[in-house]
Amino acid sequence: MNIGIIGTGNIASYLLEQINHKQLANGRVTAIFGRNQEVGQRLSEDFEADFYTDLKSFLNLPLDIVVEAATVEAAGIYVKDVVASKKDLVVSSIGVFKNIAFLEELTALAESKGTQIFLPSGAIGGLDILQSAKAAGGLDRVQITTRKSPASLGIEADEARVIFDGSAFEAVGKFPKNINVALVLAIAGIGVEKTKVRIIVDPDIEQNSHTIEAEGEFGRMQLQVENNPMPSNPKTSLLAALSILGVLQNKDRALRIGN
């Protein structure tokens, strides 16, 4: 499997290390696309992957799957071209789908091109339960409570307090850089309008935590995840990078567990 990566940041570096050096996926990253030529060239040399600054040249390569590991802004520019070029796609910046119509458009394009789009679970879990629970329309309530440090949220706070309590749709507008987990939860479950989000800033914590609650005909679920940060970037959860690696490891396996 030939893998391409869009982005030259911490997640891209992590995937290159795990895949090209440690061989933890059935394939190899053969190409990197990005705008930072200095970092891109360094990654190219360190991990023996060609670096491109021209998207067309990058997408003309015989890539089986492309991982977007950049920013919401970059994803909005590039992911449609990836799918149009008949490449499978992994989207890291889930916030690009804050406009659900764009997700629907991209999904329809992928269906017409015979490709797949993968949305990693990121820094949370429980998505399989939500998808199973809503299979027959029996999912009634979903809420996520996120607790983060002031540094993670980019604000100042001397004590723990709720800074947001509303729908995932409202949260996308107010916290665009901190809402990936809520958005993927909403997509997997009952949508951005019905999914409830609570964000708490807490100066006494070192790990970001997410508590997911759901109710429906299936019963009740409560799941809490406490995330360790990536050593190279405290603002990014290690689990977010691991979830992308997991997608690549499981993509072509004969045995697939869960949804």
Side-chain angles (χ1 to χ4, degrees), residues 3-9 11-12 15 33-35 52 54-56 58-60 63-124 126-128 130-131 134-135 139 142 144 146 164 166-197 199 210 212 236-237 240-241 243-244 246-248 251 259:
I3 304 166
I5 295 180
I6 294 177
T8 56
I11 289 180
L15 293 174
F33 168 79
R35 295 302 185 192
Y52 293 83
D54 179 70
L55 184 67
K56 185 176 180 181
F58 173 76
L59 293 178
N60 280 339
L63 300 172
D64 299 299
I65 190 166
V66 172
V67 177
E68 176 277 313
T71 64
V72 169
E73 292 75 20
I77 297 170
Y78 301 128
V79 295
K80 190 173 181 179
D81 287 330
V82 173
V83 175
S85 68
K86 298 183 179 180
K87 306 284 193 291
D88 287 342
L89 171 68
V90 182
V91 180
S92 168
S93 304
I94 307 296
V96 72
F97 299 126
K98 59 186 177 184
N99 179 359
I100 297 299
F102 180 55
L103 176 59
E104 294 171 349
E105 178 187 356
L106 198 67
T107 302
L109 179 61
E111 290 173 349
S112 71
K113 298 293 183 180
T115 63
Q116 292 181 290
I117 301 169
F118 298 90
L119 305 185
S121 56
I124 59 171
L127 300 185
D128 273 11
L130 296 184
Q131 291 181 91
K134 79 166 185 177
L139 184 59
V142 179
I144 179 169
T146 293
F164 178 82
S167 70
F169 179 81
E170 294 168 323
V172 167
K174 293 188 176 183
F175 298 92
K177 294 183 179 180
N178 291 278
I179 208 60
N180 269 10
V181 291
L183 196 55
V184 73
L185 195 73
I187 292 170
I190 54 177
V192 293
E193 295 284 1
K194 293 182 179 180
T195 301
K196 301 303 179 184
V197 178
I199 300 175
H210 305 285
I212 301 162
T236 301
S237 163
S243 70
I244 299 172
V247 168
L248 296 172
K251 179 179 180 295
N259 292 337

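Count residues from 1 along the sequence.
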Out of curiosity, Ser243 OG to Ile11 CD1, how far, rounded to the nearest 0.5 Å?
-> 8.0 Å
Inter-residue atom distance Glu68.CD - Ile5.CD1, 0.5 Å rounding | 11.0 Å
Indicate yes or no for a side-chain donor-acceptor contact from Asn180 to the backbone of Gly95 under 3.5 Å, with no hydrogens or angles considered.
-> yes
Go through the steps to decide whether Ile244 and Ser92 satisfy the test side chain to side chain contact (heavy atoms under 4.5 Å, CB included), and finish with yes or no.
-> CA-CA 7 Å; Ile244 299 172; Ser92 168; 3.8 Å; yes
Ionic contact status for Lys251 with Asp88, cut-off 4.0 Å | yes
How many angstroms lie between atom CG of Leu185 and atom NZ of Lys196, to the nearest 0.5 angstrom?
-> 13.0 Å
4.5 Å side-chain heavy-atom contact, Val172 and Val192 | no
Can you check whether Ser167 reaches Thr195 side chain to side chain, under 4.5 Å on heavy atoms?
-> no
Smallest heavy-atom separation, Thr8 atom then Gly34 atom, equals CG2-CA, 4.4 Å
Is there a side-chain contact between Val184 and Ser121, using heavy atoms and a 4.5 Å cut-off?
-> no
Do Phe102 and Val79 touch side chain to side chain, with heavy atoms closer than 4.5 Å?
-> yes
If you measure from CZ on Phe175 to CG on Leu183, what distance do you get to the nearest 0.5 Å?
-> 15.0 Å
Apply side chain to side chain contact (heavy atoms under 4.5 Å, CB included) to the pair Leu103 and Ile187, showing each step before the final yes or no.
-> CA-CA 10 Å; Leu103 176 59; Ile187 292 170; 3.8 Å; yes
So do Leu109 and Lys80 actually touch side chain to side chain, heavy atoms under 4.5 Å?
-> yes
Answer whether the closest heavy-atom distance between the side chains of Lys98 and Phe169 falls below 4.5 Å.
-> no
Could you tell me the separation between the NZ atom of Lys87 and the CG atom of Asp81, rounded to the nearest 0.5 Å?
-> 11.0 Å
Applying side chain to side chain contact (heavy atoms under 4.5 Å, CB included) between Pro120 and each of Val247, Leu127, Leu248, Val67, report the one that passes.
-> Val247
For Ala168 and Ala186, the nearest pair of non-hydrogen atoms, with its separation, is CB-CB, 4.3 Å
Report yes or no: does Thr71 contribute a side-chain atom to a donor-acceptor pair with the main-chain N or O of Ala74 at less than 3.5 Å?
-> yes
Do the ring planes of Phe58 and Phe33 sit parallel (below 30°), tilted (30 to 60°) or perpendicular (above 60°)?
-> tilted
Taking all heavy atoms of Ala110 and all of Ile117, pick out the closest pair and write down the distance.
-> CB-CD1, 3.8 Å
What distance do Glu104 atom CD and Phe97 atom CZ have between them, rounded to the nearest 0.5 Å?
-> 11.0 Å
Quick one: which of Leu106, Ile65, Ile6, Leu119 gives a side chain to side chain contact (heavy atoms under 4.5 Å, CB included) with Leu89?
-> Leu106
Mind listing the closest non-hydrogen atom pair of Ala241 and Leu15 along with its distance?
-> O-CD2, 4.1 Å
